[in-house]
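Okay, so here's the structure we're looking at.
Numbering of ligands and ligand atoms starts at 1, following listing order. Computed from a predicted structure; not experimentally measured.
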Amino acid sequence: MSSLFPTYQRWELSAKSAKGCTLVDTNGKEYLDFVGGIAVCNLGHCHPNVVDALVKQAETLWHVSNLFQIEGQEKAASVLAEQSSGDYVFFCNSGTEANEAAIKLARKHTGKNHIISLANSFHGRTLGSMAATGQSKIHEGFGTMLPSFTYAKLNDIQSVQEQISSETAAIMIEVVQGEGGVRSIDQTFATQLKELCEEHELLLIVDEVQTGIGRTGKRFGYEHFHLSPDIITVAKGLGNGFPVGAMIGKEHLKAAFQPGSHGSTFGGNPLAMAVVNAVLETVFDESFLAQVEEKGKKFQGYLQEALQQSAAVKEIRSLGLITGIECHEPVAAFITKARELGLLVLPAGPNVIRILPPLVVTEEELQQAANILAQVVGHTTATVH
Ligand SMILES: *Cc1c(COP(=O)(O)O)cnc(C)c1O
């Protein structure tokens, strides 16, 4: 009997240890971990640079208040500002908190409440981020949502345009909807969004919690679409498993976040910052990112080849190393079967298998995963159930 609130339908799997892309369970069985803590362990489990940085910091100084000067925070902020469209950074502890900061900043800067987000988006579980999330199943049972969010359709600029009013503060998007089925914005939509934001003086908020920090083969996913967001949120891969998030904003937003405007006890503490600096140093490297892009293309090729015979597969979508295999049927049984065969993958909605290998994955491991997936969905639809 568990004393936990049953907020998760947990797998029959308990991890004992993990290194790189390999996870070992308490029975000694090895898995190829293409979940990576849900796009968190971008550098693989226990990456030596990250372990070193954390251990050293743990022996020196864990935590001080944000009333203190924090050298590691200044350093991480300057890297994030330099490498993004933003100029200033606020550190917090999770993706949802980064989005809360973004929503608060957008409201305070504009003096307006209305934010347009997209149907099937996912922005987190706290009251603000939950309201931003365009999925009624996330809202159900929790009473009145924080006003004033409306939801436009992905890649349908007219549906965005129709919702803009004089009360609109911002448009908030993911460039690839992760939880929503690995669905990407297209370049036309991106360009039109940019134009709409300029025309109506709206802030563009891009939630890079899942797509940021190298996942798509670029530092941030928005770079693929030539966007220049006013606000960017990151978390997941930023700490490689250490809980940390960040909200990055442009220069013109600075005045809205003054002392007392917003805060966090733990946000950006020395332990978190030691990890973030090690992660950024490793991931924000041109040759590292080029390899991620290359591996993403190769993996797409392996999957196309391995799954071409499968009647179950409808479409394979990917950007760098975030991949979705949309099936004609629910994928829950496929995911269980893959796990039995030693490959850990996730669902994204009922019909999509989501694959998030660590960015340090080898081509051999990608090929191995494609082979396992072929066994799982390969030649049949019904018999695997
Ligand atoms: C996971 C996720 C979040 C929420 O992050 P938490 O750290 O769980 O609060 C927000 N936005 C996106 C796009 C995500 O994938």
Side-chain angles (χ1 to χ4, degrees), residues 5 7-8 34-42 90-106 115 117-135 137-139 142 146 149 151 154 170-185 204-216 218-222 224-225 227 229 231-248 264 266-268 272 275-276 279 317-324 345-349 352 354-357 359:
F5 273 110
T7 49
Y8 284 87
F34 281 19
V35 171
I38 313 192
V40 167
C41 304
N42 283 9
F90 174 84
F91 285 104
C92 52
N93 313 287
S94 65
T96 201
E97 278 177 77
N99 287 331
E100 293 290 330
I103 294 163
K104 284 180 72 173
L105 181 60
I115 296 176
S117 67
L118 297 179
N120 291 316
S121 56
F122 183 79
H123 298 295
R125 300 287 194 161
T126 51
L127 287 163
S129 303
M130 170 170 77
T133 295
Q135 299 187 50
K137 70 165 199 242
I138 304 273
H139 300 168
F142 293 106
L146 177 79
F149 288 90
Y151 315 102
L154 178 75
I171 300 176
M172 182 169 183
I173 61 162
E174 297 155 272
V175 291
V176 179
Q177 294 187 335
E179 308 298 314
V182 190
R183 285 174 213 282
S184 177
I185 58 167
L204 180 63
I205 305 172
V206 178
D207 177 344
E208 293 269 1
V209 171
Q210 191 151 160
T211 49
I213 321 297
R215 173 55 52 191
T216 68
K218 300 219 182 276
R219 295 163 298 187
F220 303 95
Y222 71 79
H224 290 278
F225 303 96
L227 293 169
I231 301 177
I232 303 151
T233 56
V234 285
K236 295 201 164 103
L238 183 63
N240 215 63
F242 196 94
V244 61
M247 187 272 297
I248 312 164
S264 167
F266 293 127
V275 169
V276 168
V279 166
R317 299 187 282 265
S318 69
L319 189 64
L321 283 172
I322 177 168
T323 300
V345 289
L346 279 172
V352 178
R354 182 172 29 152
I355 310 167
L356 298 157
L359 310 181

Taking atom types as modelled, find out whether Asn240 and Asn42 have a side-chain donor-acceptor pair closer than 3.5 angstrom. no
Tell me whether Glu174 is salt-bridged to Arg183, with the criterion being a basic N under 4.0 Å from an acidic carboxylate O. no
Modelled atom types, side-chain donor and acceptor of Thr126 and Glu100, under 3.5 Å: yes
Side-chain donor-acceptor pair under 3.5 Å between His123 and Thr96, yes or no? no
Enumerate the pairs of nitrogen or oxygen atoms, one from ligand 1 and one from the protein, separated by less than 3.5 angstrom; state names and distance to 0.1 Å.
unit_1	atom_1	unit_2	atom_2	d
ligand 1	7 (O)	Gly95	N	2.8
ligand 1	9 (O)	Gly95	N	3.4
ligand 1	9 (O)	Thr96	N	2.8
ligand 1	11 (N)	Phe122	O	3.3
ligand 1	11 (N)	Asp207	OD1	3.4
ligand 1	11 (N)	Asp207	OD2	2.7
ligand 1	15 (O)	Gln210	NE2	2.7
ligand 1	15 (O)	Lys236	NZ	2.6

Looking only at the side chains, is there a donor atom on one of Gln210 and Gln177 sitting less than 3.5 Å from an acceptor on the other? no
Closest heavy-atom pair, Thr323 versus Ser318, reported as atoms and distance to 0.1 Å, is OG1-CB, 3.4 Å
